[in-house]
K.L.:
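What follows is a structure written as structure tokens; I'll ask about it next.
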Amino acid sequence: EMLAEDQKSKSMQSAKAFTLKVIGEVHSARKEWNEATEYYRQSLEIQENLAKNDAKDASANSRLAYILTNLGEASANLNQGIAALDYHKRAIQIFEELFENDKENSNLAVWLNRALHKKGDTLVKLGKANDALVFYHRALKSNEEMAAQDLENIDIRWQLAIDYLQ
């Protein structure tokens, strides 16, 4: 009985974190960075608790890293470069760990590459283009490896095309 209640609470918290993230994404799409950051932070707080309570829950951790990536992008657009780099660093670490444990998961590869890209974008904004190139090249190498393994995956081919256009 208690376990079912616990699971229900977890599901409700997860749904709330997801909704807050989506609202943040709408504000990001409108380039309303302060509002986006506020919603991402609320989402992050909930998602960090969910991930912390079950460190082995790969989906909770991938959602956490995804929110960190979004928060990093919004922070970079508010000229909060140090905070942005920290969010991106955390996201990349989580995605790399998850991907290391699940090499077949092409979604994780795409999300890791997105995080690498966003960190590169932040470094460019900070005038550190050489440092940014390191992250863009990591993303490109990873994309090429994934595309070679999984030519059917449209997400990877799309991401690869975007990488070549950068």
Side-chain angles (χ1 to χ4, degrees), residues 1-126 135 138-139 142-143 146 150 153-156 158-159 162:
E1 180 74 23
M2 193 62 158
L3 203 62
E5 280 298 310
D6 221 31
Q7 196 56 44
K8 184 178 174 188
S9 172
K10 233 194 249 186
S11 293
M12 288 171 65
Q13 288 298 302
S14 184
K16 182 176 181 181
F18 176 79
T19 302
L20 289 165
K21 175 193 72 84
V22 169
I23 294 170
E25 288 171 338
V26 171
H27 285 293
S28 286
R30 295 169 153 182
K31 303 199 179 329
E32 298 166 353
W33 304 114
N34 284 311
E35 294 85 349
T37 301
E38 183 54 39
Y39 283 98
Y40 290 146
R41 282 198 180 121
Q42 290 177 49
S43 177
L44 179 66
E45 191 178 320
I46 296 166
Q47 198 60 50
E48 278 179 325
N49 285 328
L50 290 168
K52 186 176 63 188
N53 290 339
D54 191 355
K56 288 180 175 36
D57 182 347
S59 63
N61 280 288
S62 65
R63 287 191 299 272
L64 172 61
Y66 198 90
I67 294 164
L68 286 164
T69 302
N70 289 357
L71 192 49
E73 179 185 24
S75 297
N77 281 298
L78 289 170
N79 296 316
Q80 298 168 350
I82 303 303
L85 289 176
D86 184 56
Y87 291 131
H88 290 310
K89 179 181 176 185
R90 287 177 60 198
I92 290 166
Q93 284 173 334
I94 294 167
F95 280 136
E96 283 179 333
E97 215 170 276
L98 291 169
F99 188 60
E100 197 56 42
N101 295 327
D102 189 2
K103 290 273 193 205
E104 300 301 305
N105 189 332
S106 55
N107 285 334
L108 282 175
V110 169
W111 292 343
L112 170 59
N113 288 333
R114 177 177 177 267
L116 291 166
H117 257 273
K118 296 297 181 184
K119 183 161 185 179
D121 294 348
T122 299
L123 287 163
V124 167
K125 278 191 171 104
L126 293 173
F135 289 92
R138 274 178 63 189
S142 174
N143 277 336
M146 282 301 295
D150 188 2
N153 189 319
I154 191 70
D155 285 340
I156 292 169
W158 178 248
Q159 190 66 49
I162 290 169

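Keep in mind that this is a model prediction, so the values were computed, not measured. All values below were derived from every heavy atom in this structure, side-chain atoms included, with hydrogens, water molecules and symmetry-related copies excluded.
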K.L.:
Is there side-chain contact between L126 and L85, with heavy atoms separated by less than 4.5 Å?
P.N.:
yes
K.L.:
Give a yes or no answer on whether the side chain of S43 reaches the backbone of A17 with a donor-acceptor pair at less than 3.5 Å.
P.N.:
yes
K.L.:
Without swapping roles, check the side chain of S62 against the backbone of S59 for a donor-acceptor pair under 3.5 Å.
P.N.:
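Looks like yes, one N/O pair under 3.5 Å.
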K.L.:
Within a reach of under 6.0 Å around OH of Y39, are more than 12 heavy atoms found that belong to other residues, nucleotides or ligands?
P.N.:
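No - once you tally the heavy atoms of other residues, nucleotides and ligands closer than 6.0 Å, there are 12 at most.
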K.L.:
Starting at CZ of F95, measure out to CG of N113 and round the result to the nearest 0.5 Å.
P.N.:
10.0 Å
K.L.:
Looking at every heavy atom in both F99 and A109, which two are closest together, and how far apart are they?
P.N.:
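In terms of heavy atoms, the two residues are closest at CE1-CB, 3.8 Å.
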K.L.:
Quick check: closest heavy atoms across A91 and A115, and the distance to 0.1 Å?
P.N.:
CB-CB, 4.4 Å
K.L.:
Could you tell me how the ring of W111 sits relative to the ring of Y66: parallel (under 30°), tilted (30 to 60°) or perpendicular (over 60°)?
P.N.:
perpendicular
K.L.:
Any side-chain heavy-atom pair from S14 and R63 closer than 4.5 angstrom?
P.N.:
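The answer is yes; the side chains approach within 4.5 Å.
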K.L.:
Within a 6.0 Å radius of atom CD on E45, are there more than 12 heavy atoms belonging to other residues, nucleotides or ligands?
P.N.:
no
K.L.:
Rounded to the nearest 0.5 Å, what separates atom CG in L68 from atom NZ in K118?
P.N.:
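It comes to 14.5 Å.
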K.L.:
I need the L78 CG to E73 CD distance, nearest 0.5 Å.
P.N.:
11.0 Å
K.L.:
Would you compute the distance between atom CD1 of I94 and atom CG of L112 and round it to the nearest 0.5 angstrom?
P.N.:
11.5 Å
K.L.:
Under 4.5 Å between any side-chain heavy atoms of K125 and N77, yes or no?
P.N.:
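In contact.
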K.L.:
With a 4.0 Å cut-off, would you call E25 and K21 a salt bridge?
P.N.:
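Between K21 and E25 there is a salt bridge, with a charged N closer than 4.0 Å to a carboxylate O.
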K.L.:
Do N61 and L64 touch side chain to side chain, with heavy atoms closer than 4.5 Å?
P.N.:
yes
K.L.:
Ignoring hydrogens and angles, state whether a donor on the side chain of E38 or Q42 is under 3.5 Å from an acceptor on the partner side chain.
P.N.:
yes
K.L.:
Where is the tightest heavy-atom contact between W33 and A74, given as atom of each residue plus distance?
P.N.:
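Result for this residue pair: CE3-CA, 3.7 Å.
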K.L.:
Any side-chain heavy atom of V110 within less than 4.5 Å of one from N107?
P.N.:
no
K.L.:
What verdict does the side-chain contact (heavy atoms from CB on, under 4.5 Å) test give for L71 and L44, after you've listed the backbone C-alpha separation in whole Å, the side-chain angles of each residue and the deciding distance to 0.1 Å?
P.N.:
CA-CA 9 Å; L71 192 49; L44 179 66; 3.6 Å; yes
K.L.:
Is the H117-F135 ring centre distance short of 6.0 angstrom?
P.N.:
no
K.L.:
Could you tell me whether the side chain of S28 reaches within less than 4.5 Å of the side chain of Y40, counting heavy atoms only?
P.N.:
yes
K.L.:
For E35 and H27, which I'm curious about, is there any donor-acceptor pair between the side chains at under 3.5 Å?
P.N.:
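The answer is no; no qualifying pair exists.
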K.L.:
Without hydrogens or angle criteria, can the side chains of H88 and T69 be said to hold a donor-acceptor pair below 3.5 Å?
P.N.:
no
K.L.:
With the side chain counted from C-beta on, respond yes when R138 and I92 share a heavy-atom pair under 4.5 Å apart, and no when they do not.
P.N.:
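Yes - at least one pair of side-chain heavy atoms lies under 4.5 Å apart.
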K.L.:
With side chains defined as the heavy atoms from C-beta onward, is the minimum distance between Q13 and N49 less than 4.5 Å?
P.N.:
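Of all side-chain heavy-atom pairs linking N49 with Q13, none is under 4.5 Å.
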